[in-house]
Amino acid sequence: MSDAILFAVDEGMARLTLNRPTRLNAFNADLAYAWRDATVEATSRDDVQAILIDAAGPAFCAGGDVIDMATTMGSSGAEITALAEVINTGIRALTESSVPVVAAAHGTTAGGGLGILLATDYAVVGSRSQLGSLYANIGLTPDLSVSAQLARAVGQRRALQLVLQDRLLTAAEALDWGLVAEVVEGEDGRTEADRVRARAEEITRFWLAGAADAYGQAKRLVRSQPERTFAEQLSEEARSIGAALETPDAQARVAAFAAASAKKAG
């Protein structure tokens with residue numbers, strides 16, 4: 001796997017680190033293919049029950065590497081489209097899996113980086129973080145799931161505010177909009193980034209220490225709901241909870257809960 005992404009699995013947690021810090025982890029061809037390979041592997045392995053996505057350097061992800069587009073790739077729209085589809089393979093791997101994903105998104109998240117954040121299920125940012133679209137600033141349109149997922153996350157009117165302006169949300173605004181789940185503070189940028197990563201890891205360890213499979217299936221139910229009618233979703237919920245109850249983990253947890261409740265009542 002390319003050094004553009006660092007990939008490691010530790011006790012059920014896969015960590016994917018975007019690793020182009022001098023370019024603010026903007027996507028070029030190397031990072032696109034490394035992203036696809038890492039996300040597909042992480043969501044396919046039986047020993048992975050939670051995924052953490054973080055980034056090296058001062059920012060989470062600045063989207064596409066505009067300098068690379070203007071030089072190495074030239075002006076080929078077909079090449080950009082093909083590269084976006086490579087990255088989309090990884091986005092679909094994350095969103096369609098039954099593995100919960102947390103983002104440690106310190107610093108700036110912009111353009112396609114916003115799409116990467118939206119492909120995760122729980123986002124932690126720093127108090128100095130900024131998040132936005134910024135595609136139109138350089139004459140481009142949203143990609144990497146931004147138009148597919150942003151309105152679902154924050155509502156259509158707010159989504160339009162981001163894609164029709166050059167606005168960068170503060171961390172507090174992103175939290176208020178529901179775009180991120182938590183904001184972490186630090187004395188300086190580096191300390192804050194470390195604390196964002198540490199908090200994101202705490203969240204993955206919480207999933208792993210609990211009913212990891214149940215968290216994963218809950219994520220799958222919510223993520224896949226748009227594919228079904230209301231009646232179909234109810235049926236899928238009923239099927240899923242029945243299947244969960246058949247697992248040894250759920251049976252042990254239900255029995256322990258019942259015993260504790262009986263003891264408390266007695």
Side-chain angles (χ1 to χ4, degrees), residues 12-14 16 35-36 38-53 81 84-103 105 112-124 131 133 141-163 174-175 177-182 203-204 206-208 210-251 253-254 257:
M13 181 188 78
L16 283 64
W35 163 262
R36 180 199 63 186
T39 51
V40 169
E41 179 176 350
T43 54
S44 302
R45 288 177 55 153
D46 292 337
D47 60 339
V48 171
Q49 293 181 297
I51 297 172
L52 189 160
I53 299 176
T81 295
E85 290 291 7
V86 170
I87 303 168
N88 288 343
T89 298
I91 289 174
R92 289 195 302 272
L94 294 178
T95 58
E96 295 172 4
S97 77
S98 56
V99 182
V101 185
V102 63
L114 185 59
I116 300 303
L117 182 141
L118 288 164
T120 68
D121 307 307
Y122 198 106
V124 182
L131 302 90
S133 170
T141 57
D143 67 345
L144 307 190
S145 83
V146 171
S147 69
Q149 299 200 85
L150 181 59
R152 292 181 191 172
V154 302
Q156 186 182 80
R157 301 298 292 180
R158 281 179 163 173
L160 287 168
Q161 289 178 44
L162 284 188
V163 300
L175 182 65
W177 283 27
L179 188 57
V180 304
E182 297 186 23
I203 291 163
T204 62
F206 168 78
W207 293 334
L208 293 169
D213 288 342
Y215 285 121
Q217 290 302 317
K219 170 253 178 81
R220 180 190 64 81
L221 282 169
V222 172
R223 282 283 192 182
S224 62
Q225 184 278 324
E227 302 169 6
R228 306 183 189 91
T229 65
F230 182 69
E232 289 170 342
Q233 183 70 5
L234 294 182
S235 294
E236 180 60 16
E237 288 180 348
R239 186 203 65 79
S240 295
I241 197 170
L245 190 58
E246 294 295 321
T247 65
D249 183 60
Q251 290 175 3
R253 290 176 182 276
V254 169
F257 181 85

Which value, rounded to the nearest 0.5 Å, describes the distance between [X] atom [atom1] and [Y] atom [atom2]?
X      : Y      : atom1 : atom2 : result
Trp207 : Met13  : CH2   : CE    : 11.0 Å
Ile203 : Leu208 : CD1   : CG    : 12.0 Å
Leu144 : Ile91  : CG    : CD1   : 4.5 Å
Asp121 : Thr95  : CG    : OG1   : 8.5 Å
Thr81  : Asn88  : OG1   : CG    : 10.0 Å

Item checked: Residue pairs involving residues 225-235 (criterion salt bridge (charged side-chain N to carboxylate O under 4.0 Å, His left out); sequence neighbours excluded) -> none
Can you name the closest pair of heavy atoms from [X] and [Y] and give their distance?
X      : Y      : result
Asp143 : Gly112 : OD1-CA, 4.1 Å
Ala50  : Thr204 : CB-CB, 4.1 Å
Asp249 : Ala211 : OD2-CB, 3.6 Å
Leu117 : Leu179 : CD2-O, 3.8 Å
Leu16  : Ala42  : CD1-CB, 4.2 Å

Kindly write out the residues that satisfy side-chain contact (heavy atoms from CB on, under 4.5 Å) with [X], not counting sequence neighbours, or none if the list is empty.
X      : result
Thr43  : Ile51, Ala93, Leu94, Ser97
Asp47  : Val9, Arg45
Ile241 : none
Ser240 : Arg220, Leu221, Glu236

Notebook entry, point to check: Going through the checks in order, is the side chain to side chain contact (heavy atoms under 4.5 Å, CB included) test met by Val101 and Lys219?
Noted result: CA-CA 9 Å; Val101 185; Lys219 170 253 178 81; 4.0 Å; yes
Going by side chain to side chain donor-acceptor pair (under 3.5 Å), name the residues that satisfy it together with [X], two or more places apart in sequence or in a different chain.
X      : answer
Gln251 : none
Gln161 : Arg167
Tyr122 : Glu182
Arg36  : none

Notebook entry, point to check: Do any N or O atoms from the side chain of Thr247 and from the backbone of Ala243 form a donor-acceptor pair under 3.5 angstrom?
Noted result: no
Hey, can you pull the donor-acceptor pairs under 3.5 Å for the side chains in residues 148-156, sequence neighbours left out?
residue, atom, partner, partner atom, Å
Gln149, OE1, Arg223, NH1, 2.5
Gln149, NE2, Ser145, OG, 2.9
Arg152, NE, Ala148, O, 3.4

Next item on the list: Show your working on side chain to side chain contact (heavy atoms under 4.5 Å, CB included) between Leu131 and Leu162 and close with a plain yes or no.
Entry: CA-CA 9 Å; Leu131 302 90; Leu162 284 188; over 6 Å; no
Margin query: Using the salt bridge (charged side-chain N to carboxylate O under 4.0 Å, His left out) criterion, which residues pair with Arg92? Sequence neighbours excluded.
Written below: none
Next item on the list: Could you list the residues that satisfy salt bridge (charged side-chain N to carboxylate O under 4.0 Å, His left out) with Arg157, not counting sequence neighbours?
Entry: none
